[in-house]
Protein chains: 2
Amino acid sequence: MSFSYQFPRPALTVDCVIFGLDNEGLMVLLIKRGLDPFRGRWALPGGFVHIDETVDEAARRELREETGLQRVFLEQLYTLGDLDRDPRERVVTIGYYALINLHDHRLKAASDAANAAWFDIVDLPRLAFDHDAIIEMALKRLKSKVRYCPIGFELLPRKFTLSQLQRMYETVLARPLDKRNFRKKVLQLDMLEELDEVEQDVAHRAARLYRFNEAKYVKATEQGFNFEI
Amino acid sequence: MSFSYQFPRPALTVDCVIFGLDNEGLMVLLIKRGLDPFRGRWALPGGFVHIDETVDEAARRELREETGLQRVFLEQLYTLGDLDRDPRERVVTIGYYALINLHDHRLKAASDAANAAWFDIVDLPRLAFDHDAIIEMALKRLKSKVRYCPIGFELLPRKFTLSQLQRMYETVLARPLDKRNFRKKVLQLDMLEELDEVEQDVAHRAARLYRFNEAKYVKATEQGFNFEI
DNA sequence: TCACCTTAGTGTACGCAGTACACTATCGAT
DNA sequence: ATCGATAGTGTACTGCGTACACTAAGGTGA
């Protein structure tokens, strides 16, 4: 079966930059290509937009296929449509980025897990297509957006310490933050819920746990507070 | 002649939100549709992405066809890909926005000029497709970006007074600004070139003219200055 | 059990930038 | 000469970002 149109059409794909945070740093999930072009080269998870799904659904499907995760933070980035970005034929791709909580979820061993791996954002391999440009845009967006939107929590476990939170910001922004100023700032924003729990199994004084509270955040921003780290 | 593919493909279009500034306020250029669907309804200028042009080129071509202008500020916004946004068939569209200097250029009388008109952003007619959503995104982007990037100058004549500059910001941001604070701010940013000219043919004290100086702006931002209105 | 190691947790002083606010200067028109 | 309209100018206050160092707590292991 084939589908005919009066004029030629570009193929339409989505590609996802999936960010995760571990002790090493900010990581990106890549897939090793099994087919030409760029066989053996690492690439972003992605694929064609089906005719019966929205572009957001296509991105979410790719994300689920690679990680098994649903309900994660996913946002459209930018659409790349240069003529020769795919050597086979004209392909326009819609770039997305996602933020994954690597602590609370065990990622499913994807059928092609052998071909998937996490790479530190500061030490990426050579990539297929123009995927390096997509990752660069995603990182830039994440760095700027994390400063004025509470999206960084998506990278952390649901319960976290203030030190973990600070480390997350330091890792994403790639610069050190002052501990006292950081705590003053996030606590006065009044969007964290202080829990009656401390972290367990640590070889030093245990830190108090906090949780992001959406309702408090909305209330605080309505009252004119600027979230800004 | 027709083009066949193994799998069905969405059509790919671009739509441009073209902003202009006049004495009334912030305006958007719309086209009255001559064909179904939405015949007679106002819509954004736009059309199909050709197979031999990048998506940016497609947007620039549409812009040129409607305004006759080249070399204007044009930026990609967002890609909309819901299933039923066009009743005829699956169409994915890439939204763009452009900023036009209505003072220095006389827009060409487009062949279909009778079907094109400027509308005040605060008083838009009912629109075809999901073009109201695209305009809303464009306005939101413009409002936020104008505060930290020197893109507002694209809406002004090359030589302008500080009052014109302030009015532009007030119109885009839809809120009043304090005159003395505004002047202090833009002058200390050191990105304006003070000219040895004053405005002509005004029935009151003539104001000094200024010009945006890209080199000064770059130098100022390199030295850590934040452009922020 | 006690000394040590590691991380948690806390307050103050300074400087700069945002903000609020009102009068004089200039020019053309009548 | 007066009027009308817009240009152009300075100061004081307040709040926020920033720089900076010590004590508290709890597990480890000699």
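Note on naming: letters A, B, ... go to the chains in the order of the sequence lines (proteins, then strands), and numbering restarts at 1 for each one. All values reported here derive from a predicted model rather than from experimental measurement.
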Examine [N]: is either OP1 or OP2 under 4.0 Å from a nitrogen or oxygen in the side chain of [X]? Give yes or no.
X: A:Lys185; N: D:dG17; answer: yes
X: B:Ser163; N: D:dA7; answer: yes
X: B:Arg180; N: C:dC21; answer: no

**Request:** Mind telling me whether B:Phe212 and B:Phe153 have parallel, tilted or perpendicular rings, with 30° and 60° as the class edges?
**Result:** parallel
**Message:** With heavy-atom distances below 4.5 Å as the criterion, would you say the side chains of B:Thr171 and B:Leu21 are in contact?
**Reply:** yes
**Side chain A:Arg205 and base C:dA8 donor-acceptor under 3.5 Å** =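 Between C:dA8 and A:Arg205, which were checked side chain against base, a qualifying N/O pair under 3.5 Å is present.
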**Message:** So for A:Lys184 and C:dG11, does any side-chain atom that can act as donor or acceptor lie under 3.5 Å from a complementary atom in the base?
**Reply:** no
**Pairwise 5' ranking along DNA chain D for B:Arg167 and A:Asn181, keeping only the more 5' one** =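 Closer to the 5' end of DNA chain D: B:Arg167.
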**DNA chain D: 5'-proximal contact among A:His204 and A:Lys179 (nearest heavy atom)** =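 Between the two, 5'-proximity favours A:Lys179.
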**Prompt:** Do A:Tyr217 and A:Asp190 have side-chain atoms, one donor and one acceptor, less than 3.5 Å apart?
**Reply:**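 On atom types as modelled, these side chains do not qualify, holding no pair under 3.5 Å.
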**Request:** Assess the side chains of B:Asp15 and B:Thr93: does a donor N or O sit below 3.5 Å from an acceptor N or O?
**Result:** yes
**Request:** Specify the separation, in whole Å, of atom CG of A:Asp201 and atom P of D:dG26.
**Result:** 15 Å
